[in-house]
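As structure tokens, the structure follows; a few thoughts come after it.
The figures that follow rest on heavy atoms only: side chains count, while hydrogens, waters and symmetry mates do not.
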Amino acid sequence: MSYQAVKIVKGRGGWGSGLTLKPTETKNVVLSVTGGGIHPVAARIAELSGAEAVDGFVNNIADDRVLCAVINCGGTARIGVYPKKRIPTVDIYPGEPGGPLAQFITDDIFVSAVTPNEVSVAEAGAVAIGHEPAGETTAAAATAAVEQGMAPKAAVQATGFMGFVVKFGNAIGYLINTLLSSGRQAVKLTLNTIIPFMAYVSLLIGIVTYTGLSQWIANAVTPLAGNVFGLILLGVIVGLPFLSPILGPGAAIAQVIGVLMGTQIAAGSLPVQYSLPTLFAINGQVGCDFVPVGLSLGESEPETVAVGVPAVLFSRQITSPVAVIIAYFASFLI
């Protein structure tokens, strides 16, 4: 089959210098992991390149067959899963390096804020990822050969007392470097993920409070969230199998209702005991968008993915309202 190289550039507010991809006989799958179905961006990439678009929610594809992964993550878990595997990643959201896997999200393997308009046929002579010129490959092989030739000499180690001193010093240095690296990653994670999220929540509270939207939504939500039956209904709604994968990315519903209910509880309009059942009522969809990715990380068989995804989604329909009931009794009756 004839394949065509495609160029993918970042959209408005996106990140990344762009990707040039060309399928091969062994790497010809565009994996769509966007809440079920084939996203238009994945369909566009497959159409122009001649690759095959596959729904990652119901199919488990070996990593060595994936040309690129199309995701919809704003910067938490999934955004770094595929870059960590060195799989070119196309994010339809305006994401950028963030989350615990931010160090794996590099400019040469990731692009975000992509719409079908940012996907086009690559110019003639463009070098696709994985199709480096022969000269560069030869140079890399020569460098590797030189390094291999030097390896036996570098492997000579000291013995006796000096060997103990060297090993002890290396161990201490490794420990200190590990602690320093952990500290740097913790600070970077705080700056790139936690603080922006806190700023977003603060901005959201300010907007809904200043505009009076909080009072309007609170009046609409209070009859639902002000009693156990309304919370159970809310848990059923967010746990619907066709809604939970869509509500999962960004947890918009959970964030908005959580902020509003929190302010109502803080103001004394609702008993503080409603905080726990409300938490379970609005979070029934959490992780539903991550199911196929998690199964893929576990190297599940295609049959397991086909059964596991709907099993988790439908089980949430049951466990979500049950969790609300348990939380209610735990808050009010214990």
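One distance of note links CD1 of I325 with CZ of F229; it measures 9.0 Å at 0.5 Å rounding. For the atom pair CG of L67 and CD of E52, the computed distance is 12.0 Å after rounding to the nearest 0.5 Å. The line from NZ of K7 to CG of L48 is 14.0 Å long, rounded to the nearest 0.5 Å. Atom CG of N283 sits about 10.0 Å away from atom CG of L234, to the nearest 0.5 Å. In this structure, F110 CZ and S17 OG are separated by 12.0 Å, a value rounded to the nearest 0.5 Å. Atom CG of L231 is separated from atom CZ of F280 by 12.0 Å, given to the nearest 0.5 angstrom.
Looking at P277 and S331, their side chains come closer than 4.5 Å, going by heavy atoms from C-beta outward. Counting only heavy atoms from C-beta outward, the side chains of F104 and V81 never approach each other to under 4.5 Å. Within the 4.5 Å cutoff, no side-chain heavy atoms of V66 are placed close to those of Y82.
Two different hydrophobic clusters hold I61 and I38 under the rule that ILVMFWY side chains link at heavy-atom gaps under 4.5 Å. Residues L19 and V121 share a single hydrophobic cluster, defined by chaining ILVMFWY side chains whose heavy atoms lie under 4.5 Å apart. In this structure, I326 is not a member of the same hydrophobic cluster as L276, with clusters built from ILVMFWY side-chain heavy atoms closer than 4.5 Å.
The main-chain N or O of I87 is found under 3.5 Å from a side-chain atom of T89 such that the two form a donor-acceptor pair. Looking only at distances, a side-chain donor or acceptor of S320 sits under 3.5 Å from a matching main-chain atom of G235. Looking only at distances, a side-chain donor or acceptor of R316 sits under 3.5 Å from a matching main-chain atom of V286.
V70 pairs with exactly one of V33, L31, I45 by the side-chain contact (heavy atoms from CB on, under 4.5 Å) rule, that one being I45.
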